[in-house]
Amino acid sequence: MTFAEAAEIIDEDGHGGAEGNPDGMARVYVSPELDGWTLVIGPWCDPCDVERSDDVLHLCRDLSARYGQAQAYYYGAQGDGSAWLIAQDGVVLRRYCETGEGENAYLTLGEPLPVERAHREQLGLPVVWDEATESDEDEDEDEWKWAAFDLAPEIAAALGVSPLKLTAETRVEGTGVIALTPNTTEVQAESSRLDHEAGLST
């Protein structure tokens, strides 16, 4: 399965348009190995989703304990914001969400990453800050929030691999597939099996 085919499926899932998968949580795209990283893409991986955030945090922590590093991202290309969760050697180093939702501040964990610090420094803002003390009327912090809306792809590229920055030089090993998640119901699994048998998925 190509990235273009996967992107169409995952985009449909992310906007609630997929038949038999109304919340988008039933399946993900698992990429081939890309410069040593395997990407798992879909709403199920969202580190700032209210219902999934704890599970995604535990999953990344456990995967990083096994493989050294694990990361989760959210990026709304239509101006819906960004989120990132970075784990290493079984420890969550950072979780930050900037999606315009009031609950974002409660999800923040760890110290700002170098990319965050660099952007805040460029804006003339303190590189370490406390979201809990921010005022809604603080125009300088508003400027940061708007900058952070687009940061997920940049952070992913700086710390690993971003699916938005793949090139012809990216080392690829293996084949990408659509995989069912633990959220899949028996009905969804049967529908996926029938699609596969009909040659509609790989």
Side-chain angles (χ1 to χ4, degrees), residues 3 6-7 10-11 13-16 24 28-29 31 34-37 39-57 59-61 63-64 69-88 91-167 169-170:
F3 258 96
I10 296 304
D11 185 62
D13 286 350
H15 291 90
V28 292
Y29 171 64
S31 79
L34 304 166
D35 284 343
W37 288 84
L39 309 184
V40 181
I41 303 174
W44 187 77
C45 308
D46 184 351
C48 66
D49 179 81
V50 174
E51 295 182 4
R52 290 280 307 143
S53 59
D54 286 345
D55 289 339
V56 174
L57 184 146
L59 185 60
C60 281
R61 184 191 61 198
L63 286 171
S64 74
Q69 298 182 72
Q71 303 164 11
Y73 295 91
Y74 166 80
Y75 177 60
Q78 307 280 327
D80 297 323
S82 282
W84 45 92
L85 189 159
I86 311 300
Q88 184 172 320
V91 177
V92 173
L93 303 179
R94 180 65 164 164
R95 180 172 67 184
Y96 186 82
C97 305
E98 198 58 77
T99 62
E101 299 294 332
E103 299 83 12
N104 284 171
Y106 299 108
L107 293 172
T108 300
L109 296 171
E111 296 297 318
L113 301 170
V115 174
E116 295 176 67
R117 292 172 182 263
H119 275 272
R120 287 185 64 88
E121 191 171 17
Q122 289 173 1
L123 295 171
L125 297 171
V127 295
V128 178
W129 71 105
D130 183 358
E131 287 184 271
T133 63
E134 290 178 8
S135 166
D136 291 338
E137 299 177 2
D138 190 331
E139 293 183 4
D140 290 338
E141 288 298 335
D142 277 347
E143 194 172 357
W144 157 250
K145 290 177 185 296
W146 284 112
F149 257 55
D150 295 319
L151 270 188
E154 182 178 341
I155 291 173
L159 300 181
V161 171
S162 168
L164 302 182
K165 296 183 179 294
L166 302 177
T167 68
E169 285 71 45
T170 302

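This structure is a prediction, so every number in the text was calculated from the model and none was measured.
Taking OG of Ser53 as the reference point, atom CG of Leu107 lies at 5.0 Å (rounded to 0.5 Å). Interatomic distance, CG of Leu39 versus SG of Cys45, reported as 10.0 Å (0.5 Å rounding). Rounding to the nearest 0.5 angstrom, the gap separating the CG atom in Asp150 from the NE2 atom in His119 is 9.5 Å. If you take CG on Leu93 and OG on Ser64, they are separated by 8.0 Å, rounding to the nearest 0.5 Å. In this structure, CD in Glu141 is found 7.5 Å from CH2 in Trp129, a value given to the nearest 0.5 Å.
Listed here is the closest heavy atom pair of Phe149 and Asp80: CE2-C, 3.9 Å. For Leu151 against Ser82, the heavy-atom pair with the smallest separation is N-OG, 3.4 Å. Smallest separation of non-hydrogen atoms from Val91 and Arg61: N-CG, 4.3 Å. A pairwise comparison of heavy atoms in Ala72 and Pro47 identifies O-CG, 3.8 Å as the closest pair. Scanning both residues, Leu159 and Gln71, for their nearest heavy atoms gives O-NE2, 3.4 Å. Across all non-hydrogen atoms, the minimal contact from Pro153 to Ser162 is O-CB, 3.5 Å.
With respect to Glu143 and Arg120, no salt bridge is recorded, no charged nitrogen being found less than 4.0 Å from a carboxylate O.
Residue Gln122 qualifies as enclosed at atom CD: its count of foreign heavy atoms under 6.0 Å is above 12.
In terms of the side-chain hydrogen bond (donor to acceptor under 3.5 Å, both in side chains) criterion, residue partners of Thr108 (sequence neighbours excluded) are, by chain and number, Glu131. A search for ring pair (Phe, Tyr, Trp, His ring centres under 6.0 Å) contacts involving Tyr75 returns nothing, not counting sequence neighbours.
Between Val56 and Asp46 the shortest side-chain heavy-atom distance does not fall below 4.5 Å. For the pair Arg117 and Val128, the minimum side-chain heavy-atom distance is below 4.5 Å. Between Pro112 and Arg94, some side-chain heavy-atom pair lies under the 4.5 Å cut-off.
Two rings, from Tyr73 and Trp84, have their centers 6.0 Å or more apart.
Here the side chain of Asp35 pairs no donor or acceptor atom with the backbone of Thr170 at under 3.5 angstrom. Judged by distance alone, the side chain of Arg95 and the main-chain N or O of Leu85 form no donor-acceptor pair under 3.5 Å.
The only member of Asp55, Asp49, Asp54 that meets side chain to side chain donor-acceptor pair (under 3.5 Å) when paired with Arg52 is Asp55.
Using the six-membered ring where Trp is involved, Trp144 and Tyr96 have ring planes that are tilted, between 30° and 60° apart.
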